[in-house]
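Comments concern the structure below.
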Amino acid sequence: EQDIAFVNNELDTASLETFASGTDAFVTTWYDQSGNGNDATQTSAADQPQIVSSGSTLLLNNKPTIQSLNKRLLNSVFNTSVIKTDLFVYNTHSLAPSFNCYFDGGVQNTANRSYYGSDNLTPQKEIMFEGVVLKSSVNADSTQKVAFNISNSPNSSIHINNASVASGITGANTNFVGISLGRDYANSAYSNINYQEFVRWDNDQSTNRTGIETNINDFYSIY
């Protein structure tokens, strides 16, 4: 294993590829950049998402990406705050999944977990807080996207590429036990997600949404 840092505020892919030395490389820790130490980790080699293939960094729109393909990173944050804002940059891989889970906030009762992605029965379903369906049948294509989700019981919303796709009332998730990136928290379903960025706030960032999304889009050139 080796820690890979940044060069000019971007992932040092040269050092990453030198470390991989023509082989595949996988992620054991995705380090939190906030200074709070909320790293996403995976100790099981079989479940570690891939970042280098045959010596070359995996890219999405010319930026490094982590490819889950039935893998996941976990962050055990026992935070029961009702209001949260999540931003992530991702796309779906070309392989057809039985389950697409871009981000899953695990709960003790998995039937009522909070996640953004799809369930086993209805592809491309977005669910936020205690199983309440906020929006179905969006993101059916595999293009790169930035999603901005606000989980605020009376004022929840989903924005994709700076456009509103859903808003409404959701349940109140008070059983949060952790975060799973790339697969559902119960570890019971297949996923096929490439993801590049994940940011979480423990409050409603709706007043800052436009500025945050502009900053992200300036870097990734998504829309």
Side-chain angles (χ1 to χ4, degrees), residues 1-6 10-13 15-60 63-79 84 86-95 97-108 110 113-120 127 142 144-145 147 149 173 175-202:
E1 296 180 8
Q2 180 172 309
D3 286 346
I4 304 297
F6 298 92
E10 296 200 37
L11 183 67
D12 185 358
T13 55
S15 294
L16 177 61
E17 292 174 1
T18 297
F19 168 71
S21 187
T23 64
D24 298 341
F26 303 83
V27 178
T28 62
T29 304
W30 193 358
Y31 288 105
D32 174 21
Q33 300 302 303
S34 71
N36 294 318
N38 291 323
D39 306 329
T41 62
Q42 181 54 261
T43 58
S44 170
D47 288 330
Q48 290 164 359
Q50 189 169 0
I51 194 168
V52 177
S53 177
S54 300
S56 297
T57 303
L58 296 174
L59 301 175
L60 174 58
K63 299 290 187 182
T65 187
I66 295 173
Q67 187 177 87
S68 66
L69 288 181
N70 211 25
K71 318 296 184 182
R72 64 176 183 161
L73 292 170
L74 295 169
N75 175 266
S76 297
V77 179
F78 296 87
N79 190 320
K84 296 180 184 295
D86 297 293
L87 178 146
F88 43 98
V89 180
Y90 71 96
N91 84 334
T92 54
H93 191 269
S94 58
L95 296 178
S98 60
F99 189 101
N100 266 336
C101 194
Y102 318 134
F103 149 75
D104 182 8
V107 294
Q108 294 170 3
T110 57
R113 64 181 179 269
S114 300
Y115 65 89
Y116 176 85
S118 65
D119 64 17
N120 291 316
I127 295 181
S142 61
Q144 185 186 30
K145 298 177 181 70
N149 298 337
N173 185 349
N175 299 311
F176 221 80
V177 297
I179 295 171
S180 178
L181 296 172
R183 194 172 181 179
D184 74 312
Y185 197 87
N187 202 26
S188 61
Y190 185 91
S191 70
N192 69 344
I193 306 304
N194 299 323
Y195 47 102
Q196 296 174 292
E197 189 97 18
F198 178 77
V199 187
R200 157 156 285 206
W201 294 264
D202 284 328

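Computed from a predicted model, the values in this text were never measured in an experiment.
- A donor atom on one side chain and an acceptor atom on the other are not found under 3.5 Å apart for D86 and N149.
- Two residues are said to be in side-chain contact when any heavy atoms from C-beta on lie closer than 4.5 Å; Q144 and L60 meet this criterion.
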Q. Under the side-chain contact (heavy atoms from CB on, under 4.5 Å) criterion, do Q50 and V52 qualify, and how do the steps go?
A. CA-CA 6 Å; Q50 189 169 0; V52 177; 5.8 Å; no
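- In terms of heavy-atom proximity, Y195 sits nearest to P49 at OH-CG, 3.9 Å.
- The 12-atom threshold is not exceeded at CD of E1, counting heavy atoms of other residues, nucleotides or ligands nearer than 6.0 Å.
- Listed by chain and number, the residues in a salt bridge (Lys or Arg N to Asp or Glu O under 4.0 Å) with D47 amount to none (sequence neighbours excluded).
- Of the N and O atoms on the side chains of T57 and E17, at least one donor lies less than 3.5 Å from an acceptor on the other residue.
- Not counting sequence neighbours, K71 has no partner by the salt bridge (Lys or Arg N to Asp or Glu O under 4.0 Å) test.
- Side-chain contact between T41 and W30: absent, with no pair of heavy atoms (C-beta onward) separated by less than 4.5 Å.
- When side chains are defined from C-beta on, Q33 counts as touching F6, because their heavy atoms get closer than 4.5 Å.
- The nearest pair of heavy atoms linking L181 to A40 is CD1-CB, 4.4 Å.
- Counted by atom type alone, Y31 and D3 present one or more donor-acceptor pairs between their side chains at under 3.5 Å.
- Considering every non-hydrogen atom in both R72 and Q42, the closest pair reads O-NE2, 2.9 Å.
- Taking the side chain as every heavy atom from C-beta outward, I4 and L11 approach each other to under 4.5 Å.
- Listed for the N75 side chain is a donor-acceptor partner under 3.5 Å among the backbone atoms of D39.
- Listed here is the closest heavy atom pair of L73 and I66: CD1-CD1, 4.4 Å.
- Between the side chains of N36 and S34, at least one donor N or O lies within less than 3.5 Å of an accepting N or O.
- Between P64 and T13, the shortest heavy-atom contact is CG-CG2, 3.7 Å.
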